[in-house]
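Step one of this worksheet: look at the structure below.
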Amino acid sequence: MADNLQHEDFGEKIGGAKKDLWKDRGLYVDDLGSMNEREAEKFVRKDNVWKKPDYQAMLDDGVPLGVVYFIKKARDSLGASPQYHYSDMTPELKRARQEEYIETVRQLQAVIEDVRTLDDAMQAYDRFLVKNGYVEQVQGWSSGIHYRATKKGQDNPVITNKLAQILYIRSASYFERNFTQKAQREQFGVSKDQKVPKGYAIHFNDGKNTYSKNNDWKSGTYYVTKGYSILQTNLESREAALKWVQDFARQRSKGGKVRFTPPQLSHVRRTGPDYRSGQEITGQHYLDTFGFRGGEFGNWMNQNDRQASLDMGFEALKDLAAVLKIRDQDIAFDGTLAIAFGARGSGNAAAHYEPLRKVINLTKMHGAGSLAHEWWHGFDDYLGTKMGAKGMLSEQPRLYPLFQKLIDTMKYKPETPEQAAKCIEAQNSRTKKNAESWLDSAMLGSLKRYGDDSVLEQYAALKAAFLAGEVGSVDKISTLKKSVSGHVIPKSERDRLEMFEHILHGIQEQKTPQIGRTETDYYRNSVRMGKECEKDGGYWDSNVEMTARAFACYVKDKLPYVSDYLAGHADCAVAIVMDKSGETEVLKAYPQGEERRAINTVFDEIVADLKLQHILTHVETTLPLAVPEVPLAENEQISIFAMERPSVIGQLAATKPEEKSTPVQAASKKAHMPEI
């Protein structure tokens, strides 16, 4: 990289990036002015307005336990986000409700942050509810002064009975019972390593009372209970009892969920054409070549990091255009997509797409390998807008039949003849069992009461004929009942038995099992991956994520060469799990084999059809920027993750020519060369 080449954010300012947000000071009403409707829906939350206080720091500063617990309960009593009235239908009314929510939360925050004593807590009700006009004092005829909500309080969804009840402190004894003692019972303020697991209790045996039947309890020891069960006795100290119960509860608890994070690629390889023509890419190339709306970098990315990301991202996007045989401008969806490198990351995510701002973000390290996956999310969102969906098209696939076909192909496949036969056999067995149960219910009581062994033998023969689907068997059975008890089978029961007779006859007539469909391995594994790696489920087996993982595999399969930055993570959704027998197995939440080939065929159909609709443009060849000057070796391997690296492209920088001009610099030099 030339010494004077500096990479900064380019194109239109994307906005909403973490470096531009109110994350440190919290959200104010004025901040809504820079948000669109979808952003406001997402970001107007209690935790963004009133940052969660450091309760432990308050305790360390000497604030009484009950007071800190009161502060927590007051904040907890607020709704997590704005609540809308039925009449709040327009964007303007929703925005007004969001502003009201922020303002009200800020008012409560100002009052509660001043609470440090019991007296402060007892004044909070008046300071917040009365002085802000949400509640007024009313003089009763005989009951003295009481409070009632004003119209302002009734119209504000933030003001709830729950909030008012928390703030109303009747007396010091009331505060002691409802806050101090409750905080002690809930172990509020106790460090995690000192907490007794929920549902368990530690007791001291003083020798006066013992539940031991064998008199084997030692006085002066501790014991552990859960409910009315005594789990362990004779523990020498409370510390020993605490360690025992924590270990016991941990062993009995369900296994914790482990968030899946794609493994960081040890090397990023690419063996395809040199679409850069040996040039170092700038943000302007992204604007000119692909038509991106804008791009940005994380503040912590140095210039080498930025150069590496630009270079690898550029060629990966060129590879994507080549795979799909589309024009470069289609990559950015005709100027609606933005891209960010290390600027908008969150948690352990390797990369993500933000529908609010229509931007792909790739983290500096883990983002390599996820570009195809995230590009699909953007395309899914873009197609949703085109097809009239409220969000991603994969969430409403019926709006586009080929998308519905894609979802069906990902989740279901035709049964094999063996699977169909097994399924039919199980279904027929259930039908016969139900039919036999209904028949016995209608017949056996009367036959045993009025008949003898010979009658029961006749019934057994007729039942066998009935279960074999013999036509007319219900008539014969009803006749038998009348001859024995004087009554035929009641009409309601007879109708049901005749229905079973018809079904059982059809079973006997069926020659070959009808082929149905069964869940794909991809779908089953995705569902199970969610159970293993998610707290609530619904992510791994969602249409949005399954289509994105499948698309990354499709791109990888279509590429005639290696392009790790584009699709290196396509086959990485793997976890080691334990089956019911306790054996470990490898769980793969991406399509494989015949299922993968079937899904790829549907992707081919979708791309072809979108070209016919002119949503995509067919282009046979993806051209480089210019005639190559310094072609890369065919199998060159670029490592961006050296063990000792000054930046993300440490090794790359070491192998570059000492001086190389960017296209802009080259043009500048040419313009100032003296004529000969």
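In this chain, numbering begins with 1 at the start of the sequence shown. Side-chain atoms are counted along with the backbone in the values below, which use heavy atoms only and exclude waters and symmetry mates.
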Please check if the number of heavy atoms outside [X] that lie under 6.0 Å from its [atom1] is greater than 12.
| X | atom1 | answer |
| --- | --- | --- |
| Gln154 | CD | yes |
| Asp60 | CG | yes |
| Lys358 | NZ | yes |

Basic-acidic side-chain contact under 4.0 Å: [X], [Y]:
| X | Y | answer |
| --- | --- | --- |
| Arg97 | Asp88 | yes |
| Arg524 | Asp541 | no |
| Asp76 | Lys72 | yes |
| Lys131 | Asp126 | no |

Begin with the C-alpha distance, continue with both residues' side-chain angles, and end with the deciding distance and a verdict on side-chain contact (heavy atoms from CB on, under 4.5 Å) for Arg238 and Val196.
CA-CA 11 Å; Arg238 192 182 187 284; Val196 177; 3.8 Å; yes

Is the NZ or CZ atom of Arg75 both under 6.0 Å from the centre of the six-membered ring of Trp50 and within 45° of that ring's axis?
yes

Can you see whether Phe341 has Arg306 sitting over its ring - NZ or CZ less than 6.0 Å from the centre and within 45° of the normal?
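Geometry flag: not set, cation outside 6.0 Å or 45°.
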
In sequence, state the C-alpha distance, the side-chain angles, and the governing distance for Tyr69 and Tyr55, and then conclude on ring-ring contact (aromatic ring centres under 6.0 Å, His included).
CA-CA 8 Å; Tyr69 188 70; Tyr55 300 119; 9.3 Å; no

Could you label the plane-to-plane angle of the [X] and [Y] rings as parallel, tilted or perpendicular, counting under 30° as parallel and over 60° as perpendicular?
| X | Y | result |
| --- | --- | --- |
| Phe248 | Trp244 | parallel |
| Phe179 | Phe70 | perpendicular |
| Phe379 | Tyr382 | parallel |

Donor-acceptor side-chain pairing of Glu374 and Tyr353 below 3.5 angstrom:
no

Give a yes-or-no answer on whether the side chains of Ser219 and Asp206 include a donor-acceptor pair shorter than 3.5 Å.
no

Please tell me if the side chains of Ile102 and Glu99 come closer than 4.5 Å, counting only heavy atoms from C-beta onward.
no

Note: Tyr101 and Gly79 closest approach over all heavy atoms is OH-O, 2.6 Å

If you apply the rule side-chain contact (heavy atoms from CB on, under 4.5 Å), what do you find for Val67 with Thr117, and how did you get there?
CA-CA 6 Å; Val67 173; Thr117 66; 5.5 Å; no

Between Ser77 and Gln165, is a side-chain contact (heavy atoms from CB on, under 4.5 Å) present by the stated rule, with each step listed?
CA-CA 9 Å; Ser77 66; Gln165 288 169 2; over 6 Å; no

As an exercise, state the distance from CG of Asn543 to CE of Met392, rounded to the nearest 0.5 Å.
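So the gap between those two atoms works out to 12.0 Å.
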
Rounded to the nearest 0.5 Å, how far apart are NZ of Lys218 and OG1 of Thr233?
9.5 Å

If you take the centroid of each ring, where Trp contributes its six-membered ring, are Tyr147 and Tyr125 closer together than 6.0 Å?
yes

Output field: ring centroids Trp375/Phe333 closer than 6.0 Å
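Distance test on ring centres: under 6.0 Å, yes.
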
Test side-chain contact (heavy atoms from CB on, under 4.5 Å) on Tyr523 and Met546; report intermediate values, then the result.
CA-CA 8 Å; Tyr523 184 41; Met546 285 189 67; 3.8 Å; yes

In this structure, which one of Lys151, Arg148, Lys152 forms a salt bridge (charged side-chain N to carboxylate O under 4.0 Å, His left out) with Glu136?
Arg148

Counterpart residues, side chain to side chain donor-acceptor pair (under 3.5 Å), relative to Glu37 (two or more places apart):
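Glu37: no side chain to side chain donor-acceptor pair (under 3.5 Å) contacts found.
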
